[in-house]
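Okay, structure first, notes after.
Just so it is clear: chains get the letters A, B, ... in the order the sequence lines come, proteins before strands, and each one is counted from 1. These values consider heavy atoms only, across backbone and side chains, with no hydrogens, waters or symmetry-generated copies.
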There are 2 protein chains.
Amino acid sequence: MATEQRTGAGERSDEELSMLLDDQMCFALYAASRAVTALYRPMLDEVGLTYPQYLVLLVLWERGEDAATGVKDIGAALQLDYGTLSPLLKRLEARGLIRRERRADDERAVRIALTPEGAALRERARAFPGEIGAAMGLDDEEFDRTRASLRRLVDNVTAYTRERR
Amino acid sequence: MATEQRTGAGERSDEELSMLLDDQMCFALYAASRAVTALYRPMLDEVGLTYPQYLVLLVLWERGEDAATGVKDIGAALQLDYGTLSPLLKRLEARGLIRRERRADDERAVRIALTPEGAALRERARAFPGEIGAAMGLDDEEFDRTRASLRRLVDNVTAYTRERR
DNA sequence: CAAAAGTAGATTGCGCGCAATCTAATTGTG
DNA sequence: CACAATTAGATTGCGCGCAATCTACTTTTG
């Protein structure tokens, strides 16, 4: 266990953090995110989904059939833009899991709705979070605290990014 | 702040975790990883690197000029395969930051070595971790604890994945 | 030493992410 | 009402990630 040196002894305290790969939070996040995605892969393969497609379905399952969910709403929930979502949603439509239809009252907007097949898939996915959580192997307290810290981190980073834009 | 319900009231305690997007660690990780990458982007743009390219250089800077680092070594450090690394390393070579040369004693292996330009880039990158860390806005204790939990999570998940392979 | 097994790396194909650009519909304003 | 600004979404292009397949070396083994 290498000891850290986040805030140095004196001068240049915030510009001289370690450049070591394993000291960096950014790499820990990058590695953890990919490891968890890889953990999902065999489960998602069984239902023929990719991980981002699964996230989109999580949003739709949560909103319900009659929520008038637009592409923009999904993008806001997942922080994904049209460049990612447009082709992804077309693939979900091609698989028969969702329908995409222009709204009559606003021809710009596309309403994304679950098909019965898409809604039914929820039951097959219900066991996923439990399996994933178990494989992570953190106890409830560490799990909750880590998730809370990640949320705080995302909020801070998002605010920071928005400021300097 | 929604309160959680990780382990339900009684039956099916580990198969009935919340399906809500915001309750899921996997989404917290996915969102945090992308938010941090986005935070790096303007900095990395200034030196003409992508985030994964930056990670590769972190490895090379850490190993030093004469470490005989192979593509496999970089892959082991970053958990990336040849399909990702081969074209990425060619791009770094095209930018003049690294050299790729077959080793004389083992014609299968490719030695990746920093050029003077690649080595010099380290100085321009030295300030990055500090800026990123500041934008994350976690105090030292929360930062260290979260990073430690992420490492533990990656270790557990990796072991789990390896078991069922 | 020859055939088999193993290893280092490259290539192909597909699905994200994301910037940049485009279209078409709606809203706002003089 | 005309015309500018805004908005929802699609498209293009590029660089990952990763599975699958391929090549070309090395090492093992009969």
When the side chains of residues 28-36 of chain A are checked against the rest of the protein, which donor-acceptor pairs come out under 3.5 Å, sequence neighbours left out?
| from | atom 1 | to | atom 2 | distance (Å) |
| --- | --- | --- | --- | --- |
| A/R34 | NH1 | B/Q79 | O | 2.9 |
| A/R34 | NH2 | B/L78 | O | 2.6 |
| A/R34 | NH2 | B/Q79 | O | 3.3 |

Under 4.0 Å between a side-chain N/O of A/R34 and OP1 or OP2 of D/dC16, yes or no? no

Between CG of A/L89 and C1' of D/dA8 the distance, given in whole Å, is 13 Å

Here the distance between atom C1' of D/dT6 and atom NZ of A/K72, to the nearest Å, is 11 Å

Taken in chain and number order and not counting sequence neighbours, the residues that satisfy side chain to side chain contact (heavy atoms under 4.5 Å, CB included) with A/T50 are A/P52, A/Q53

- Query: Run the salt bridge (Lys or Arg N to Asp or Glu O under 4.0 Å) check on A/R126 and A/E123 step by step: do they pass?
  - Reply: CA-CA 5 Å; A/R126 214 175 273 283; A/E123 302 317 312; 3.0 Å; yes

**Asked** Quick one: does B/R100's side chain get under 4.5 Å of B/L92's, heavy atoms only?
**Response** no

All heavy atoms of B/R63 vs all of B/A77, minimum pair found to be NH2-CB, 3.8 Å

message = Are B/E142 and A/R152 packed together at the side-chain level, in the sense that at least one heavy-atom pair is separated by less than 4.5 angstrom?
response = yes

Touch class at under 4.0 angstrom, heavy-atom based, for A/L88 against every strand present: sugar-phosphate

Strictly under 3.5 Å: I want the nitrogen or oxygen pairs between protein and nucleotides 2-5 of chain C, one per line.
none

Quick one: does B/E62's side chain get under 4.5 Å of A/L21's, heavy atoms only? yes

To the nearest angstrom, the CG-P distance between B/L85 and C/dT7 comes to 19 Å

B/Y40 atom OH is separated from C/dG17 atom C1', nearest whole Å, by 19 Å

Within residues 90-104 of chain A, those residues having any heavy atom closer than 4.0 Å to DNA chain C are A/R91

Give me the ring orientation class for A/Y54 and A/W61: parallel if the planes are under 30° apart, tilted from 30 to 60°, perpendicular past 60°.
perpendicular

Can you find a heavy atom in the side chain of B/L57 that is under 4.5 Å from one in the side chain of B/L60?
yes

Contact check, side chains of A/I74 and A/L80, non-hydrogen atoms, under 4.5 Å: no

Note: for A/Y82 and A/A35 on DNA chain D, the residue whose nearest nucleotide lies more 5' is A/Y82

> Do the side chains of B/L39 and A/T158 get nearer than 4.5 Å, heavy atoms only?
Replying inline: no

Per-nucleotide protein contact along nucleotides 19-25 of chain D, 5' to 3', at a 4.0 Å heavy-atom cut-off (B base, S sugar-phosphate only, - neither), is B-----B

Residues in residues 43-64 of chain B with a heavy atom under 4.0 Å of DNA chain D, by number, are B/T50, B/P52, B/Q53

note: B/D73, atom CG; C/dT7, atom P; distance rounded to Å ~ 15 Å

When rounded to whole Å, the CG to C1' distance for the pair B/L78 and D/dG17 reads 12 Å

Hydrophobic cluster membership, B/I132 vs B/L58, 4.5 Å side-chain cutoff: yes

* Validation row: B/L55, A/Q24 side chains within 4.5 angstrom (heavy atoms) -> no

Heavy-atom distance under 4.5 Å between the side chains of B/R103 and B/V110, does that happen here?
no

Rounded to whole Å, CG of B/D105 lies from P of C/dT7 at a distance of 17 Å

